[in-house]
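Please read the structure below before turning to the comments.
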Amino acid sequence: MPVAIITGASKGLGRALAAALAGRGWDLVVDARSAGPLEEAARELRAAGQRAGRGAAARVVALPGDVADAGHRAALVAAAGQLGGLDLLVNNASVLGAEPLVRLVDHPLDGLRAALEVNVVAPLGLIQEAMPLLHMSSYSPSYEEVAFRSASTLPGGRDDNGEAYDSHPNIKNVRNAGSPDSPPYIGTGGAILNISSDAAVEAYPTWGGYGAAKAALDQQSAVLAEEEPGLRVWWVDPGDMRTDLYAAAVPDDDASGRPLPATVVPGLLRLLDGGAPSGRYTAAAIPGGASSR
């Protein structure tokens, strides 16, 4: 079964996406800063495969911690390796930098540093740690083969020769991946999904610190996509959502009319299923998506 790492998975969009993947039979490594809510989410995720009629609970490793901590990032990737590899890395964990949001002239500089650390530095650190596993993924071997594979071979399915599909045929080499004497990769196709925001491209009063961090994430993602053409790198504005993050950002705003995070998930799955090329997407514009900060 394919394997994903999802940060910030105890609630909101991270949890909704994790539930959808678990229902498809994916194995997951999930994290959040609070252990209690994370373990509650993990129990739900482990049962998702059974509720979908797949006969076995999804394997879910829940590791509480802070993505800004290098040791925690290493533990996340190590757990994915123990599950068999890594096909999808979702950098979803995020902080605002100020709660509630404030004008730039009043923005605490320590808060801005924290936003940059969690929203920009930590995703890159996790990508660097995970790169050997992502390169060894054969979930989608190349852009050219994406259409063929999506039509003929689904995760957990069988190929044209009747053989069970193995998304990690080279996992035995993972410990040597990237070393000078490591065997050559047979196929690449791992994907990176960075959750962005329309605050990265629009000038909203009080969203300057958070928006600056997300703009940096966008640029970082764009350069990574150029440097790693064998991987799919997506940075996605999920759109307006009813989340705890938004409530902390603008506590006086009535968020009852905002869509729930689950409405964004179909669009994200379309990126994965269609082997979409690297690039910036808005969830509302992805075919099959439902739902812009």
Next on the checklist: Testing the basics here: between Gly97 and His107, what is the closest heavy-atom pair and its distance to 0.1 Å?
Outcome noted: O-CE1, 3.6 Å

Next on the checklist: How about CZ on Arg280, more than 12 heavy atoms from neighbouring residues, nucleotides or ligands closer than 6.0 Å, or not?
Outcome noted: yes

Next on the checklist: Measuring only between side-chain heavy atoms, which start at C-beta, is Tyr210 closer than 4.5 Å to Leu245?
Outcome noted: yes

Checklist entry - Can Leu231 be reached from Leu86 by stepping across I, L, V, M, F, W or Y side chains whose heavy atoms are under 4.5 Å apart? => result yes

Checklist entry - Do the side chains of Asn91 and Ile5 get nearer than 4.5 Å, heavy atoms only? => result no

Item to check | Separation of Arg242 CZ from Asp254 CG (nearest 0.5 Å) | outcome: 9.0 Å

Next on the checklist: Test of understanding: clusters of I, L, V, M, F, W, Y form through side-chain heavy atoms closer than 4.5 Å, transitively. Do Met241 and Leu217 belong to the same one?
Outcome noted: no

Checklist entry - Given the rule that I, L, V, M, F, W and Y join up when any side-chain heavy atoms are under 4.5 Å apart, are Val233 and Leu89 in one cluster? => result yes

Checklist entry - Within the side chain of Ser137, is there an N or O that forms a donor-acceptor pair under 3.5 Å with the backbone of Leu134? => result no

Next on the checklist: Checking side-chain polar atoms at under 3.5 Å, does Thr282 have a donor or acceptor matched by the opposite partner on Asp237?
Outcome noted: no

Checklist entry - Looking only at heavy atoms, what is the nearest atom pair of Val120 and Ala213, with distance? => result CG2-O, 3.2 Å

Next on the checklist: With a 4.5 Å cut-off on side-chain heavy atoms, are Ser196 and Val201 touching?
Outcome noted: no

Item to check | Nearest-0.5 Å distance, OG of residue Ser34 to CD of residue Glu40 | outcome: 11.5 Å

Checklist outcome for this item: Interatomic distance, CG@Leu38 vs CG@Leu63, rounded to 0.5 Å, equals 8.0 Å

Item to check | Shared hydrophobic cluster for Leu83 and Ile192 (ILVMFWY, side-chain gaps under 4.5 Å) | outcome: yes

Checklist entry - Is there side-chain contact between Pro259 and Val264, with at least one heavy-atom pair below 4.5 Å? => result no

Checklist entry - So do the side chains of Trp234 and Ile286 get within less than 4.5 Å of each other, counting heavy atoms only? => result no

Item to check | Any side-chain heavy-atom pair of Tyr281 and Leu193 under 4.5 Å | outcome: no

Next on the checklist: Could you walk me through whether Ser278 and Glu228 satisfy the side-chain contact (heavy atoms from CB on, under 4.5 Å) test, starting with their C-alpha distance in whole Å, then the side-chain angles of each, then the deciding distance to 0.1 Å, before giving a yes or no?
Outcome noted: CA-CA 10 Å; Ser278 295; Glu228 298 290 340; over 6 Å; no

Checklist entry - Under the side-chain hydrogen bond (donor to acceptor under 3.5 Å, both in side chains) test, which residues partner Glu202, sequence neighbours left out? => result none

Checklist entry - Between the side chain of Asn92 and the main-chain N/O of Ile6, is any donor-acceptor distance below 3.5 Å? => result no

Checklist outcome for this item: Shortest non-hydrogen pair, Pro238 vs Ala283, comes out as O-CB, 3.5 Å

Item to check | Spacing of CH2 belonging to Trp26 relative to CG belonging to Leu88, to within rounding of 0.5 Å | outcome: 5.0 Å

Checklist outcome for this item: One should read off an interatomic distance between Leu126 CG and Met131 CE, to the nearest 0.5 angstrom, of 10.5 Å

Checklist entry - When you check the side-chain N and O atoms of Tyr246 and Asp253, is any donor under 3.5 Å from an acceptor? => result yes

Next on the checklist: Give me each pair satisfying side chain to side chain donor-acceptor pair (under 3.5 Å) with a member in residues 57-78, each pair once, sequence neighbours excluded.
Outcome noted: Asp27-Arg59, Asp31-His72

Checklist outcome for this item: Shortest non-hydrogen pair, Ala93 vs Thr7, comes out as N-OG1, 2.9 Å

Next on the checklist: Test: salt bridge (Lys or Arg N to Asp or Glu O under 4.0 Å). Region: residues 94-114. Which pairs qualify, not counting sequence neighbours?
Outcome noted: Asp110-Arg113

Item to check | Distance-minimising heavy-atom pair for Ala80 and Val29 | outcome: N-CG2, 3.6 Å

Item to check | Test item: Asn119 and Gln220 side chains (from C-beta on) under 4.5 Å apart, heavy atoms | outcome: no

Checklist entry - Got a sec, which hydrophobics cluster with Val67, joining ILVMFWY side chains under 4.5 Å apart, including via others? => result Val95, Val118

Checklist outcome for this item: Residues Lys214 and Ser197: closest non-hydrogen pair is CG-CB, 4.0 Å

Next on the checklist: Does anything in residues 114-126 form a salt bridge (Lys or Arg N to Asp or Glu O under 4.0 Å)? List the pairs, not counting sequence neighbours.
Outcome noted: none

Next on the checklist: Measuring from atom NE2 of His135 to atom CG of Leu133, what distance do you get when rounded to the nearest 0.5 angstrom?
Outcome noted: 11.0 Å

Next on the checklist: Any heavy-atom pair between the side chains of Leu101 and Tyr204 that's under 4.5 Å?
Outcome noted: no

Next on the checklist: With a 4.5 Å cut-off on side-chain heavy-atom distances among I, L, V, M, F, W and Y, is there a chain of contacts connecting Leu45 to Leu269?
Outcome noted: yes

Donor-acceptor pairs under 3.5 angstrom involving side-chain atoms of residues 11-19: please list them, not counting sequence neighbours.
unit_1: Lys11; atom_1: NZ; unit_2: Asp244; atom_2: OD2; d: 3.3
unit_1: Arg15; atom_1: NH1; unit_2: Ser10; atom_2: O; d: 3.1
unit_1: Arg15; atom_1: NH2; unit_2: Glu44; atom_2: OE1; d: 2.9

